[in-house]
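Numbers here simply count residues along the sequence, with the first being 1. In each ligand, atom 1 is the first atom listed, and ligand 1 is the first ligand listed.
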Amino acid sequence: MAYRALKGTKDVTPNEAHIWHHLESTMRSVTARFGLREIRTPVIEQTELFLRGVGDTTDIVQKEMYTFKDKGDRSITLKPEGTAGAVRAFIEHNLYNDALPQKMYYLNCPVFRYERPQAGRLREHHQFGVEVFGSESAYTDAEIISLALTVLREVGIDDLSVNINSIGCSECRPKYHEALKAYFAPHLDEMCPLCKDRFERNPLRLLDCKEEKCKAIAAGAPRMIDYLCPDCDDHFNKLQSALSALSIPYAIDSGIVRGLDYYTKTVFEIISNRIGAQGTVCGGGRYDKLMEMVGGPSLPGVGFGMGMERLIILLESYQKLPEANGRCDVYCLCMGDGEGSLTLANRLRQRGIRADFDPTVRSMKAQMRYAEKLGAKLVAIVGEDEKAKGVVLLRNMATREQTEVSLDGLSDAILKQL
Ligand code: ATP
Ligand code: MG
């Protein structure tokens, strides 16, 4: 074949689209119950937004962004995550003037990261994400964790771990940075070049390195939660009691620091107990300084991103993929040149019925096979006899029963049987 999809990108064919629709409708239903509204932002943004809004010591900015110059010599970047765009739009449209807190979600947001493609790691993936602006309460953190779990449970996955951590704030983190530096300094020679840079610029990121050597060293590092200031400590305690009140089991994982530089306090991940390295289906946290960092008012925020493709991998492994729901309900089979089938199908479609026909007018047998392939529940047959009598023969594909119905009463007879 001449052309192939780019490495790390994936098509969704018509055979798989129903899986996505199933996820999307569950996500819309759950977000509506939690009082969220949708936000959509462009795929491209000024590169500067992500340098500021994601942070230039993150893997995303240092290694993974799709950045290019447009014809006007502007630096443009394909979204490497969803939060920065949502925050930019929130500020640009003065949405902070509306009642706070404001809760929003995005669905199927395309996310581009130049990663080494492997199972569950794509160069273009899609995220379902949630952002809540204007609440500094730990109850909001608990609320969105509960939202994520509700979505996951309603698509059929409940074998999950919620791992939480706190990475403190500008008050307590500097002290922790010192503790981290003191711990890592004697190991620095054995660590990767990026970690040497992290050591200088953002020691917290030393905990996030994916290199085995570095990971092993990071395992013994001091924990941020032992350095929290009273405010952050209180927030973390409130989060834990809220999760308990919601009957959400959780574990504290002091290794979670998350991808963005401007996270504060809560960070969390939701991980499948069944799948290994790529089992992280959802990651999020609080970013109380982000809005200000990108030129907006000083408003707290908290959110998460959930990888749609990772969720589908989970559904596959839990054998929870939804069944495809046939392509039509009524197949129209009229004798003649096909115009009869075309007009009959059209008539039913106008009545809200999923109807189809064979424009190429194959043999009766071939058409019945086609009807079965389409998943038709009923076949409306108009042969010479029926045509003369002005009736339609309605065949139920499951029971094989056939009933004669008047043309006028056809839609009602169909709706009764579907
Ligand atoms: P990881 O540590 O696996 O690289 P991350 O911290 O980069 O994850 P986030 O930025 O938190 O991931 O993205 C939110 C979610 O998006 C992840 O939990 C995951 O489900 C999904 N995701 C992230 N990167 C990819 C990717 N390259 N391909 C597919 N899904 C991804
Ligand atoms: Mg990553």
Side-chain angles (χ1 to χ4, degrees), residues 5-10 12 20 23 27 50 53-55 57-66 77-87 105-131 144-145 147-149 151-152 155 157 160-165 167 194 198 204-212 214-215 218 253 255-263 266-272 274-287 290 302-317:
L6 290 178
K7 219 170 148 185
T9 68
K10 252 182 149 170
V12 176
W20 289 74
L23 298 183
M27 288 159 179
F50 301 115
V54 177
T57 64
T58 57
D59 273 6
I60 292 180
V61 168
Q62 288 188 332
K63 302 192 286 198
E64 298 172 357
M65 289 210 304
Y66 274 88
T77 294
L78 303 181
K79 260 189 224 185
E81 53 88 46
T83 302
V87 169
Y105 71 96
Y106 41 84
L107 203 52
N108 277 344
C109 166
V111 173
F112 301 87
R113 295 184 188 177
Y114 197 78
E115 304 213 60
R116 198 166 61 76
Q118 50 192 295
R121 203 169 279 289
L122 295 161
R123 288 184 174 168
E124 182 196 30
H125 73 276
H126 298 80
Q127 287 189 9
F128 160 60
V130 160
E131 317 287 352
I144 67 166
I145 291 173
L147 190 162
L149 290 173
V151 166
L152 292 164
V155 297
I157 298 167
L160 296 159
S161 296
V162 177
N163 295 335
I164 61 170
N165 190 25
I167 55 169
L194 256 180
R198 290 172 178 134
L204 197 63
R205 303 234 69 84
L206 290 162
L207 301 176
D208 202 28
C209 188
K210 303 276 192 309
E211 300 273 335
E212 288 305 327
C214 306
K215 260 165 75 175
D253 177 352
I256 303 178
V257 297
R258 306 278 316 122
L260 281 72
D261 270 357
Y262 301 111
Y263 274 102
T266 307
V267 285
F268 67 91
E269 288 180 350
I270 302 177
I271 300 178
S272 152
R274 195 174 301 194
I275 294 193
Q278 264 70 58
T280 311
V281 67
C282 178
R286 177 163 279 284
Y287 45 83
L290 177 58
V302 60
F304 69 72
M306 188 182 286
M308 304 280 288
E309 286 86 352
R310 292 231 183 134
L311 183 47
I312 291 175
I313 294 176
L314 277 188
L315 288 179
E316 263 170 355
S317 78

Visitor: Is the contact between Arg310 and ligand 1 made by the side chain, the backbone, both, or neither, using heavy atoms and a 4.0 Å cut-off?
Guide: side chain
Visitor: Among Thr58, Val54, Thr77, whose side-chain contact (heavy atoms from CB on, under 4.5 Å) with Met65 holds?
Guide: Thr77
Visitor: Side-chain contact test, heavy atoms from C-beta onward, threshold under 4.5 Å: evaluate it for Met27 versus Met308 and give yes or no.
Guide: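 In short, these two side chains touch, coming nearer than 4.5 Å.
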Visitor: Backbone, side chain, both or neither: what part of Val281 comes under 4.0 angstrom of ligand 1, heavy atoms only?
Guide: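 Under 4.0 Å from ligand 1, Val281 contributes backbone atoms alone.
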Visitor: Within the 4.0 Å heavy-atom shell around Arg121, which atoms of ligand 1 are there?
Guide: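 Contacts of ligand 1 toward Arg121, numbered from 1: 1 (P), 3 (O), 4 (O), 26 (C), 27 (N), 28 (N).
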Visitor: Out of all atoms in ligand 1, which are within 4.0 Å of some heavy atom of Cys282? Include the element for each.
Guide: 18 (O)
Visitor: Between Asp208 and Lys215, is there a side-chain N and carboxylate O pair less than 4.0 Å apart?
Guide: no
Visitor: Strictly distance-based, threshold 3.5 Å: is any side-chain N or O of Arg123 a donor or acceptor partner for the main-chain N or O of Pro117?
Guide: no
Visitor: Any atoms of ligand 1 less than 4.0 Å from a non-hydrogen atom of Leu122? List them with their elements.
Guide: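 Selected atoms, number and element: 26 (C), 27 (N), 28 (N), 29 (C).
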Visitor: Can you confirm whether the side chains of Glu131 and Tyr106 place a donor and an acceptor under 3.5 Å from each other?
Guide: yes
Visitor: Could you work out, with ring-ring contact (aromatic ring centres under 6.0 Å, His included) as the rule, every residue matching Phe304, not counting sequence neighbours?
Guide: Phe128
Visitor: With heavy atoms of Gly283 as the reference, note each atom of ligand 1 found under 4.0 Å away.
Guide: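 Heavy-atom distances to Gly283 below 4.0 Å select 18 (O).
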Visitor: Going by distance only, is there an N or O of Gly305 that falls short of 3.5 Å from an N or O of ligand 1?
Guide: no
Visitor: Is it true that a side-chain atom of Arg121 and a backbone atom of Glu115 form a donor plus acceptor pair closer than 3.5 Å?
Guide: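 Looks like no, no N/O pair under 3.5 Å.
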Visitor: Got a sec, which residues hit side chain to side chain contact (heavy atoms under 4.5 Å, CB included) with Asp253, two or more places apart in sequence or on another chain?
Guide: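 For Asp253, the residues satisfying side chain to side chain contact (heavy atoms under 4.5 Å, CB included) (neighbours in sequence not counted) are Asn163, Ile256.
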Visitor: Looking at Ala84, is its backbone amide N or carbonyl O close enough to the side chain of Glu81 to form a donor-acceptor pair, meaning the two atoms are under 3.5 Å apart?
Guide: yes
Visitor: Is the shortest distance from a heavy atom of Glu115 to ligand 1 less than 4.0 Å?
Guide: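 So Glu115 counts as touching ligand 1.
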Visitor: Do any heavy atoms of Glu81 fall under 4.0 Å from ligand 1?
Guide: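 Under 4.0 Å: no for Glu81.
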Visitor: With only distance considered, is Gly307 within less than 3.5 Å of ligand 1 through an N or O on each side?
Guide: yes
Visitor: Run the numbers for me: atoms of ligand 1, each under 4.0 Å from some heavy atom of Lys210, listed by number.
Guide: 2 (O)
Visitor: Would you check whether Met306 has a nitrogen or oxygen atom less than 3.5 angstrom from a nitrogen or oxygen atom of ligand 1?
Guide: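 The answer is no, given that Met306 and ligand 1 share no N or O pair closer than 3.5 Å.
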Visitor: Applying a heavy-atom cut-off of 4.0 Å, say which part of Arg123 lies close to ligand 1: side chain, backbone, both or neither.
Guide: neither
